[in-house]
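One structure is given here, and the rest of the page talks about it.
Quick note on labels: first sequence line is chain A, next is B, and so on, each numbered from 1. FYI, side chains are in, hydrogens and waters are out, and symmetry mates aren't considered; it's all heavy atoms of this structure.
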Number of protein chains: 2
Amino acid sequence: MSPAPEGYDPRAFTPFAVTVDLAVFTVREERLHVLLVERGQEPYRGRWALPGGFVLPRESAEEAARRELAEETGLTQESVCAFHLEQLRTYTDPDRDPRMRVVSVAYAALVPDLPEPRGGGDAARARWWETGRTGPLAFDHDRILADAHDRIGARLEYSCLATAFCPAEFTLGELQQVYETVWDVTLDRPNFRRKVLTTPGFVEAVEGPPRRTGGRGKPAALYRAGAATALHPPLLRPEGRTT
Amino acid sequence: MSPAPEGYDPRAFTPFAVTVDLAVFTVREERLHVLLVERGQEPYRGRWALPGGFVLPRESAEEAARRELAEETGLTQESVCAFHLEQLRTYTDPDRDPRMRVVSVAYAALVPDLPEPRGGGDAARARWWETGRTGPLAFDHDRILADAHDRIGARLEYSCLATAFCPAEFTLGELQQVYETVWDVTLDRPNFRRKVLTTPGFVEAVEGPPRRTGGRGKPAALYRAGAATALHPPLLRPEGRTT
DNA sequence: CTTCTTTATAGTCAGTGTGACCATAAAGAA
DNA sequence: TTCTTTATGGTCACACTGACTATAAAGAAG
């Protein structure tokens, strides 16, 4: 019996606060970064935390997450619509917030390399942190961040999601960099090419072969994200092999 | 800023009710079944629904799910500890319950074939339903059930979870039946054997080769669930192939 | 007691995908 | 020019899988 049990009494349930927490990831300078905000109040004053906030009375958690994503990145609601956002899991430990009973629905967002965030609406400091170099975060956010990292690492294996970290047009080298950064491995370049190009719908070549400059070396062809979302067969991490 | 935002005011947040909903799956008679309870009250009176209930003030959602699982199956807390239980996702549509704002954390439980449930503590009728033959369920439970089915189908590909549907000792034929039932496909028996037996830690042979009777045909060797949880490389469904 | 049916188990073989390579092309830097 | 760097094209052996054949061991049918 649910959502509300049979013997339903409006005063029988415990009131909870419901929040969303966002792990916003990006790849910059060959490192995985996550967006954090500095807390200006107790508890955990001065500690860094995942951005997030209350779910409002008439919105879903996903809408709340999308709203927070726009606020924290300083972009418009429309522009963040294109970003990949997915629900991770919900954290419900009774003591996770010392002040009150709060359950938090965690989301992971994957964004291309964005400018440094403006100092969020409420003047809180916000910046990109290299994952693994974040000090201890507020609340249970270390755990959420670790779970989020694990999840997107796994998602790269079975989905075409890596393109969500790239700009509209990208080279295969950049796409490979996403995998190498998130998984913290190095991949064989020709093999990676073969896998991506033989998977229908993963990427599509940009016509009129323009090529990208940027550094030394032969210019690379440009690609766009394709229509496929699943990756069959998967692209398994070099470790993970039991064989 | 989260779980509670910076400008925190104890009366600023909307109070939500938080519930858990359980999709309890089992395989019986070569069909996937799910445990449902009949609603005795409005709304959706007379409709069937996933079992669930409020999260209590001092428990986590997982504890609440485990508690409900014990109540609905009529087993003790200790015995349900062995069952696989995993958080699926959280449903937060503002209108999902017409009476009040309720967010529900959905869990999937995998159990071996159990006896028909006793008539739950609160006299609600409960029974196993073959998936796909459930009428429209109460609330958004059709959606939750479909999501849960999708999820466990995907989990079978990459994990050794199928053993959770089996009793302590089982034959490879029974294990194969789990895959065929959840995926609704037929698998080649020798190939399935090979895959399971060459995956270290998926199953371990029961010593002193006792063999199981039950029907006609050659008796089968018995196996126990092994220590492995991940399945590398995965056992992909016959469809799912993009190749 | 055969014969048939059913299920379990053992093995073969070709095709696919992958990891580990090697080779060449095209750019900037020395 | 030569070196270095990155992109791209290709080969080869191995691992895994799907399809298939064959044999073993039980109950059922005659």
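Under 4.0 Å is where a charged nitrogen must lie from a carboxylate oxygen, and between A:E63 and A:R67 no such pair does. In this structure, B:R155 pairs ionically with B:E86, as a charged nitrogen and a carboxylate oxygen lie closer than 4.0 Å. Taking 4.0 Å as the cut-off between side-chain N and carboxylate O, B:R143 and B:D147 count as a salt-bridged pair.
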Less than 3.5 Å apart, which donor and acceptor atoms pair up between the side chains of residues 29-37 of chain A and the rest of the protein, not counting sequence neighbours?
| residue | atom | partner | partner atom | Å |
| --- | --- | --- | --- | --- |
| A:H33 | ND1 | A:R31 | O | 3.0 |

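Protein atom CZ of B:R189 is 21 Å distant from nucleotide atom P of C:dT12, rounded to whole Å. As rounded to whole Å, 17 Å separates atom P of C:dT7 from atom CG of B:L222. Separating the CG atom of A:L197 from the P atom of D:dA7 is a distance of 13 Å, rounded to the nearest angstrom. Between B:F192 atom CZ and C:dA8 atom P the separation is 11 Å, expressed in whole Å. Separating the CD atom of A:E30 from the C1' atom of D:dT5 is a distance of 13 Å, rounded to the nearest angstrom. The distance from atom CG of A:L175 to atom C1' of D:dA7 is 15 Å, rounded to the nearest whole Å. Atom-to-atom, CD of B:Q177 to C1' of C:dA8 comes out at 15 Å; the value is rounded to the nearest Å. D:dG9 atom P lies 10 Å from atom CG of A:L172, rounded to whole Å.
The salt bridge (Lys or Arg N to Asp or Glu O under 4.0 Å) check on A:R28 picks up A:D113, A:E116, with sequence neighbours excluded. By the ring-ring contact (aromatic ring centres under 6.0 Å, His included) test, B:F192 is found to be paired with B:Y179, residues two or more places apart in sequence or in another chain being considered. Partners of B:E204 by side-chain hydrogen bond (donor to acceptor under 3.5 Å, both in side chains), not counting sequence neighbours: none found.
Proximity of the aromatic rings of A:F165 and A:F170 is defined here by a centroid distance below 6.0 angstrom, and this criterion is not met.
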Summarise how protein sits on nucleotides 21-30 of chain C as a single string, 5' to 3': B when a protein heavy atom is under 4.0 Å from the base, S for sugar-phosphate-only contact, - for no contact. BB--BBBS--
Using Watson-Crick and G-U wobble pairs with both distances under 3.5 Å, what is the 5'-to-3' dot-bracket string of DNA chain C, with [ ] for crossing pairs and | for pairs outside the strand? ||||||||||||||||||||||||||||||
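Comparing B:K195 and A:G173 by the nucleotide of DNA chain D whose heavy atom lies nearest to each, the residue mapping closer to the 5' end is A:G173.
Annotation: cation-pi geometry not satisfied between B:R133 and B:W129 (NZ/CZ under 6.0 angstrom from ring centroid, within 45° of ring axis).
Taking 3.5 Å as the limit, the base of D:dG10 and the side chain of A:R194 contain no donor-acceptor pair of atoms between them.
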